[in-house]
Each structure stands twice: as C-alpha cells, then as structure tokens.
2 protein chains.
Amino acid sequence: MTEHSLWRLSRALRRAINDHHFDALAELLDDDVDWAIYGPIDMFPFLGARHGKAAVLEAIRQIGNAVHIRRLERETLMLDESGAATMVRCAMTAQDSDKPITARLAQFMQFRGGKLARLRILIDTFDLVEQTLGRPIHLPRIGNFA
Amino acid sequence: MTEHSLWRLSRALRRAINDHHFDALAELLDDDVDWAIYGPIDMFPFLGARHGKAAVLEAIRQIGNAVHIRRLERETLMLDESGAATMVRCAMTAQDSDKPITARLAQFMQFRGGKLARLRILIDTFDLVEQTLGRPIHLPRIGNFA
C-alpha cells in the first residue's frame, strides 16, 4: 500500500517550518494550491488566504520565523483516497520570546496527483491569541442560558 | 444506499436548537457520548466537554436559548462508514440581542450503531468572540516575520 499523501506533506511542512528547508514542500504543492488558515491576520500576518505555490511557500517561511514546532499530537484522523481531515494539538515555541504555545487546529486537505490542491485550517484562535499575549482577555458572560 | 448518520444527526441538532424539540436528537445520541466543543467557556458556558446523553442534551438546550440557526453552509465534507468530518459556516441570530453572528466551525463525529459516540467541534473562536462583543479586540502585531 502506498503511503497516504498526508504523511509526506506533514513531514515536509514540519521540515519547512522548523529547518527552513523548502524543497520537499515545494514538490508537494500543486502550482495552483488553494490555501486558507482562518484567524486574526492583524496579529498573525501569515494566516489568511493564499493562492499558488509561491504565496504558500512565503507564508510557511513566515510561520517558520514566528514559531518552532515541538510536538504534534493527532487527536482525530479521517483519510480517503484524495483527502484528509485531522484535528491536532500543536505544541510550539514562539521564536521571539521562547514562550511555549499550544494550539488546537483542524486541517482539511485535498490532494491531486499526490500534491496538495486545497487546504483549510481552522484554529481555536481565541485560545491562541490569549497564549500569545501571555494574559487572559476579560470576557463578559453572555446572558440567557437558564 | 442508506442515508449517512451525519444527515439525520444534523437535522435533529438543528431541530433541537431552533425548535426545542429534543426527541429525535435523544434517539441519535449514544448513552455514553463523548462530546467537546472547544472555546471560551467563561463567555459561552454551553461550550466545553460533556459526557453522556443527558449532559449533551442540556448543553444543546442552552445553545438553543442563546442562538437560533439561520443557515448552514457546508464548505468541506468527508465521510466514511462510521465517521464524518466537515467544515461549515453557521449563520446564527443571538436570542438576547437579535444580532447576526456567523461562525466557521470544524466538526468531527464518530458513530456507533447509527448513534453519535464522539464529537469534537473546533471554532474560529476569536472571530466569534469579537462578533458577540460587537467590537474588535485590539491586538498587537507579533514580531519577527520578515
């Protein structure tokens, strides 16, 4: 059985983010890759939508300048022939402060000919923002639950 | 072909949240259902982990008191025999303020004998918090991206 494209892509992404080696990742991105990581781009300019291989490689380069991935814990995984959906807890270190940050994220990927054609990542962004700030944001409790 | 359990569950969830009819939903929950919606529970006490049918029904009742679902737009879908992973944009109205709120969420579900055994939902929570507050939260731009 051939290895699922998810695993090759995961290794290449980690290598690009942590070691700034982009060749393996570039090989695994479709030229027209449709990419979006949802989140507050004011704080994290490397989030948001990107179109095409060059734009995605540049976003990954910026992510690698911001964080180092220490550990990925896969909590949920679903694979089919051309796609993958997974929920992971990603333990990182912020490059500028050496602060540990742990984010839970959901990844949806579609592959075409073994290359990534579409990616969507959703993050528990409020938690990520609070960890990055290093302090809680005060929230009112919204009403009407009883 | 039998209908996938996801569709029955989706209808029953919507009926429970919008119309406060819980019978169909109760039928589709495993007695020991393992349930978690990640997010700031200080602001949204109906988020968080729940174990077992009664606890989940109570959380859904509280969600129905807080919001009404206007529209669900499925952006990504993956199904297998006993599971589903999907990313949806959910357009809601807050019950207390009549304010429209749109949240993007990722759902991972596992079924056992047609009933929901495990659910994980991840939300773009920062966006949700800002919409619920009705104002942006000022964020610093974190450094070191160039």
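Not measured: the values here are computed from a predicted model. Throughout, protein chains are lettered first and strands after them, A, B, ... in sequence-line order, and every chain is numbered starting at 1.
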Legend entry - Any residue of residues 71-81 of chain B which, by heavy atoms, sits under 4.5 Å from chain A: B:E75, B:T76, B:M78, B:L79, B:D80

Legend entry - Flag side-chain contact, heavy atom, 4.5 Å: B:I123 against A:D124: no

Inset, instruction - Determine whether A:L47 and A:M87 fall in the same hydrophobic cluster, where Ile, Leu, Val, Met, Phe, Trp and Tyr are linked whenever their side-chain heavy atoms lie under 4.5 Å apart. - result: no

Legend entry - Spacing of OG1 belonging to A:T132 relative to CG belonging to B:L139, to within rounding of 0.5 Å: 9.5 Å

Inset, instruction - Flag yes if B:F22 and B:I69 sit in one hydrophobic cluster, no otherwise; membership is Ile, Leu, Val, Met, Phe, Trp, Tyr, and two members link when side-chain heavy atoms are under 4.5 Å apart. - result: yes

Legend entry - Most chain B-contacting option - heavy-atom pairs closer than 4.5 Å, from A:S97, A:A84, A:G64: A:A84

Inset, instruction - Name the region of B:I137, side chain, backbone, both or neither, that has any atom closer than 4.5 Å to a heavy atom of chain A. - result: side chain

Inset, instruction - Treat each ILVMFWY residue as a node, draw an edge where side-chain heavy atoms are under 4.5 Å apart, and state whether A:F108 and A:L105 are in one component. - result: no

Inset, instruction - Just give me the residue among A:R104, A:R118, A:E130 that pairs up with chain B most often, heavy atom to heavy atom, under 4.5 Å. - result: A:R104

Legend entry - Interface moiety of B:L122 toward chain A, non-hydrogen atoms closer than 4.5 Å: both

Show the atom names and distances, to 0.1 Å, of all donor-acceptor pairs under 3.5 Å that link a side chain in residues 35-46 of chain A to residues at least two apart or in another chain.
unit_1: A:Y38; atom_1: OH; unit_2: A:R120; atom_2: NE; d: 3.4

Inset, instruction - Would you mind telling me which of A:A106, A:G83, A:P140 has the largest number of heavy-atom pairs within less than 4.5 Å of chain B? - result: A:P140

Legend entry - Neighbour count above 12 (heavy atom, 6.0 Å) for B:D23 CG: no

